[in-house]
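One structure is given here, and the rest of the page talks about it.
Below, chains carry the letters A, B, ... as their sequence lines are ordered, and counting in each starts from 1. As the structure is a computational prediction, the values presented were derived from the model and not from experiment.
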Amino acid sequence: MKIRRLIAATAVAGLALTALAACGDDSDDKTLKVWLMRNSLPESIVDDVKKEFEDSHDGWKVKVEYQEWTDITRTLDKGLGSNNPPDVVEIGNTLTTGLAAAGALEDLTDKTRDLKGEDWNPAMTETGTYDEKLYGVPYYGGARVVLYRKDLFAASNVQVPTTMAELTTASEQLMADNVGTTDFSAIYIPGRYWYFGTSFVFNSGGEIAAKEGDDWKSQLATAESVNGITAYKEFADTVSPNAPKEVNEEDPPQVNLLGDGKSAMIYGFGWMIGEVEKAHPELKDQIGIFTLPGDTAGSAFPTFLGGSNLGIAAGSDKKDEAYDFLKLLTVDYQERLVNEAKLIPNNMTMLETAKQDPVLAPSANAASNGWVTPSSPKWSEVESAQVMQDLYQAVLSGQKSPQAAADDASARINEILNKQ
Amino acid sequence: MVQPAADLTGVRPNGAPVRRIRRAGALPYLLAAPSLVVMAFLLGIPLLKLIQTSFQRFTRREFFNPDEIVSVGLENYKAILTDDSFLTVVWRTLIVTAIMVALTMLLGTLIALLLERLGMVWRTLVGLAMLVAWATPAVSATQVWKWMLNSQSGILTWLLEQIGVDLRGNNAVLFDAHKVLAVIIVIIVWQAVPFVALTLFAGLTQVPRELYEAAKIDGASAWKTFWNVTFPMMRPIFVLLTTLSIIWDFRVFTQVWTFNRGGPEQGSLLLGAYSYFAAFDQKNFGQGAAVAVIMVLITLAVTAYYVRQLVRSGETS
C-alpha cells in the first residue's frame with residue numbers, strides 16, 4: 001500500500017511539475033518565433049538574418065526552431081493551432097493551400113508588390129495562393145536532377161544524354177555492362193516513386209486534377225495522362241527492371257544504391273552528392289549531375305517543383321515584426337540563398353542567373369519546366385492516402401493496366417478532393 | 001469438483017488464503033482516492049472530450065478556428081455507418097482479431113504446458129526468450145519484421161525461398177494487403193504469446209497435483225486430462241486472458257501503422273488505425289472520434305461480458 005501511495009503521490013507531483021513547467025514556457029513579448037525546416041539553410045545565413053533583424057528592431061530577439069519533414073503536416077497543425085504559434089513558418093509548398101483554407105495563415109495579398117511579387121516564379125506563386133489570395137510567400141524552390149556515377153558511365157563509354165531517347169539508349173548499355181551486379185538499375189525507379197511517374201504524365205500533356213466549377217476532377221484517366229503512365233512503365237521496364245516495386249525512393253534511401261554501385265543514376269537532388277561522398281569517400285568527384293532531358297535536345301523534362309513558402313500564423317500577435325523577418329528571407333537574402341545555399345530562387349531574374357552557375361544549372365534548368373500539385377486544400381489528404389504511390393506501384397508491377405490503375409486512382413482522388 | 005478455480009485468484013503463492021477485511025470503513029477508499037483522481041483526469045476527461053467531438057463538425061477548419069465548431073448530432077455516425085469502406089474495415093478487424101486471439105490462446109496454452117514439463121534450465125531459457133519478444137517495443141519489433149521481409153534483402157524472404165515460398169518481386173509482402181495482414185497477425189501473436197503463456201504457466205502450478213494423479217489412475221489420456229482437469233480448473237484465467245486479448249488485439253494500432261500505414265490502398269487498415277487515418281490523415285477529427293467511440297462501445301461490451309463471467313464464477317464457489 002505504501003508503495004502504491006508513493007506511486008500515486010509521485011504521479012500527482014510529477015503532473016503538477018509538468019503543469020508548472022508549461023506555465024514557465026517562454027512567450028516573451030519581444031521574441032519572434034521562427035520555424036524553419038532542418039538543414040534547409042546554412043547556419044551562417046540564418047545567423048546573419050537574425051542579426052540584421054535584431055539590429056533593426058530594438059530589443060527584439062529571434063528564436064529559430066528547426067522542424068523535421070517526417071510527419072510535417074501534423075507538426076504544422078499542432079504548432080499553428082497552439083496558443084503560442086510560430087510567428088513565421090516555413091511550409092512545404094504542397095501543404096500551403098490546406099493550411100490557408102483552414103484559416104491557419106495570414107492573408108498577405110496586399111504585400112505582394114512590396115515583396116517584388118511581379119517577378120516571382122509563377123508556379124511557386126500558385127502553390128502559395130488559395131482562393132485568389134496569397135498566404136504563402138515563395139521562398140525557395142527545389143527541383144530533382146539526375147545524379148550519375150562518372151566511373152560507371154566511363155566504363156560503359158556513355159556520355160551525358162541530351163534527350164530522353166539518348167538516356168534510354170545509354171541506360172540499355174549500362175544495364176548490359178553491369179549484368180554481373182545483382183539487382184542493378186541504370187536509373188533506380190522503385191515502384192512507389194510518384195514524383196518520377198507524374199513527370200511522365202505532364203510530359204505527355206496530362207495533369208493530376210483540374211478544377212471544374214466548384215469541383216475538382218481527376219485528369220489521370222485522360223488519354224494524355226494514360227499515355228504518360230504507359231511511357232513511364234516502358235521506361236522503367238527498360239532502365240530499372242530489377243528495382244523493388246513495393247517501396248518508395250526513400251526506403252531504402254536511393255543515395256545508398258548510387259553509392260553501392262547498384263544503380264548508375266538516381267533521380268534526386270543536387271545536395272545528395274554530399275551524402276554519397278560522406279558515405280563513400282572513395283567516390284569523391286565521381287558523382288555528376290545533369291538535368292533530366294526532354295524529348296528534344298536542350299529541353300528539360302517536366303519536374304516536380306518542390307520547395308517552400310513562408311507564411312505568417314493567423315494566431316500570431318507579432319505580425320508586423322513577422323512580416324519584416326519574412327521580407328528579409330524572401331527579398332533581401334534571396335541572392336545569398338542562391339549563391340551560398342545553392343537553392344532555386346523565388347524569382348525569374350535570379351533563376352536566369354542561376355542557370356549560369358555550374359552547380360545550380362541542372363536544377364535551375366529543370367525548375368524552368370516545373371509542375372506543381374493541384375491547389376486544392378485537400379491535396380495533402382491525397383498524399384496521406386498515398387493514392388499516387390499506389391497507382392505507379394500497380395502499373396510498374398504489372399498488377400493493373402495503366403488505364404485501370406488510372407481509373408482507380410481517379411475515383412479515389414475525386415472522392416477525397418470533393419468531400420465535404 | 002473441489003474448490004473450483006475461483007480460488008486460483010484468491011490464494012496467495014504461499015497457499016495462505018486472502019484475509020478478508022470486512023469492516024475497514026472509509027480507509028480503503030481514502031487510500032484509493034489519489035489514484036482514482038489521477039485516473040479520472042487522465043482517462044475521464046479525454047473520453048468525455050472524445051464523445052463530445054464525435055457529435056461535432058470538427059475538421060481542420062474548426063481546429064484552427066475553435067469558435068466555428070458546431071454540433072451536428074449524429075451526422076458523423078451516419079456518415080461512417082453508411083460508408084462501405086468503414087464497414088469493410090469493421091469486418092476485417094473482427095476476422096483478424098478472432099484469428100489473432102485464437103492463435104495467441106492456442107500457442108500460449110501449448111507453451112505453458114511445455115514449460116510445465118521442462119526442466120529448470122530449459123524453462124528459464126524459454127521464459128527469457130519470451131520475455132525478450134514481449135519487452136521489445138512494438139515500433140522496433142515491427143520495423144525489424146519489415147526488414148526481415150524486405151523483398152530483396154530480407155533474411156526471412158531468403159529463408160522462405162529455401163522452402164519454396166516466393167516473396168520476391170511482385171510477390172513481395174507489401175504488395176498484397178492479405179500478406180500484410182498475415183504478417184501483422186504474426187507480429188501481434190508473437191508479442192502476445194509470452195504474457196499468455198507465462199500467466200497460464202503460473203496458473204498451472206496452482207492446479208492440485210492430486211487431481212492429475214487421480215486422472216492418471218483412472219487411465220485418462222493427456223487430451224482428456226486437459227479438458228476434464230486442467231481446463232475447468234483454469235477456466236477463469238482462460239476467460240480473463242481471452243477477454244484481455246480480444247480487447248488488446250481489437251484496438252491494435254502501432255503494428256498496422258508502422259508496418260505499412262494500412263496500405264496498399266488502405267487494404268490492411270484495422271479499426272484502431274482507421275480512426276487515426278480518418279482523424280489525422282484525412283483531417284476529419286469528428287468522424288475519427290466517432291469511430292473511436294464505436295470502438296470504445298464494442299470494447300465495453302466485451303469487458304461487460306468478462307466481468308459477468310468473473311462474477312458468475314465467484315458465485316459458484
Side-chain angles (χ1 to χ4, degrees), chain A residues 1-2 4-5 7-12 14-15 71 73-74 77-78 80-81 85 98-99 101-105 182-183 191-192 241-247 251-252 262 313-315 377-378 380-387 389-391 393-394 396-399 408-409 412 415-416 419-420, chain B residues 27-28 30-39 41-42 57 59-68 75 79 83 85 143 146-147 149-154 167-176 179-180 260-267 269 276-285 287:
Chain A
M1 264 316 186
K2 266 187 182 164
R4 282 224 181 147
R5 277 288 294 262
I7 293 171
T10 317
V12 173
L15 286 170
D71 267 338
T73 329
R74 275 187 276 284
D77 280 1
K78 259 189 276 175
L80 291 169
L99 288 166
L105 299 173
T182 324
D183 296 329
R192 299 178 72 80
N242 307 317
K245 304 294 186 271
E246 77 280 15
V247 301
D251 181 23
K262 292 257 184 195
K378 296 208 183 290
S380 67
E381 281 141 66
V382 176
E383 287 194 18
S384 296
Q386 313 216 348
V387 178
Q389 289 89 328
D390 286 341
L391 159 66
Q393 167 176 315
L396 293 200
S397 66
Q399 261 184 341
D408 290 351
R412 291 171 75 195
E415 191 196 327
I416 295 176
K419 81 183 165 203
Q420 267 281 297
Chain B
L27 186 64
L30 214 64
L31 292 174
S35 29
L36 284 178
V37 170
V38 172
M39 294 264 282
F41 268 97
L42 293 183
R57 179 179 158 82
T59 65
R60 222 176 175 196
R61 174 95 217 158
E62 290 76 23
F63 176 77
F64 288 112
N65 305 278
D67 45 317
E68 289 179 23
E75 206 73 3
D83 182 354
S85 70
Q143 200 62 45
K146 201 173 167 179
W147 287 334
L149 286 161
N150 181 295
S151 71
Q152 292 196 333
S153 56
L167 292 178
R168 295 194 189 276
N170 280 356
N171 294 315
V173 173
L174 295 186
F175 244 73
D176 178 348
K179 286 180 191 160
V180 172
N260 203 23
R261 291 178 78 99
E265 300 188 12
Q266 278 82 54
L269 275 182
Y276 184 83
F277 177 75
F280 293 99
D281 266 0
Q282 300 303 302
K283 308 282 182 206
N284 196 329
F285 303 96
Q287 282 187 17

task = Would you sort out whether B:Thr59 and B:Glu62 count as a side chain to side chain donor-acceptor pair (under 3.5 Å), showing the intermediate values?
result = CA-CA 5 Å; B:Thr59 65; B:Glu62 290 76 23; 2.7 Å; yes
ask   = Can B:Leu174 and B:Asn150 be said to form a side chain to side chain contact (heavy atoms under 4.5 Å, CB included), step by step?
value = CA-CA 9 Å; B:Leu174 295 186; B:Asn150 181 295; over 6 Å; no
query = Which is it for A:Glu246 and B:Ser151 under the side chain to side chain donor-acceptor pair (under 3.5 Å) test, yes or no, and what are the steps along the way?
reply = CA-CA 8 Å; A:Glu246 77 280 15; B:Ser151 71; 2.7 Å; yes
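Contact of the A:Lys419 side chain with the B:Gln282 side chain is registered, since non-hydrogen atoms from C-beta on lie closer than 4.5 Å.
In terms of heavy-atom pairs under 4.5 Å with chain B, the best-connected choice from A:Gln399, A:Gln389, A:Gln386 is A:Gln399. Between chain B and the options A:Val382, A:Leu99, A:Val387, the largest number of non-hydrogen pairs under 4.5 Å is found for A:Leu99.
For A:Leu396, no part sits under 4.5 Å from any heavy atom of chain B, backbone or side chain. Within the 4.5 angstrom heavy-atom criterion, no atom of A:Ala314 approaches chain B. Interface residue A:Asp77: backbone and side-chain heavy atoms are both found under 4.5 Å from chain B. B:Phe277 touches chain A through its side chain: at least one heavy atom from C-beta onward sits under 4.5 Å away, while N, CA, C and O do not. Contact of A:Glu383 with chain B is not made at all, since no heavy-atom distance falls under 4.5 Å.
Between B:Asp281 and B:Arg261 there is a salt bridge, since at least one side-chain N of the basic residue sits less than 4.0 Å from a carboxylate O of the acidic one. The pair B:Arg57-B:Glu68 does not count as a salt bridge, with every side-chain nitrogen at least 4.0 angstrom from each carboxylate oxygen.
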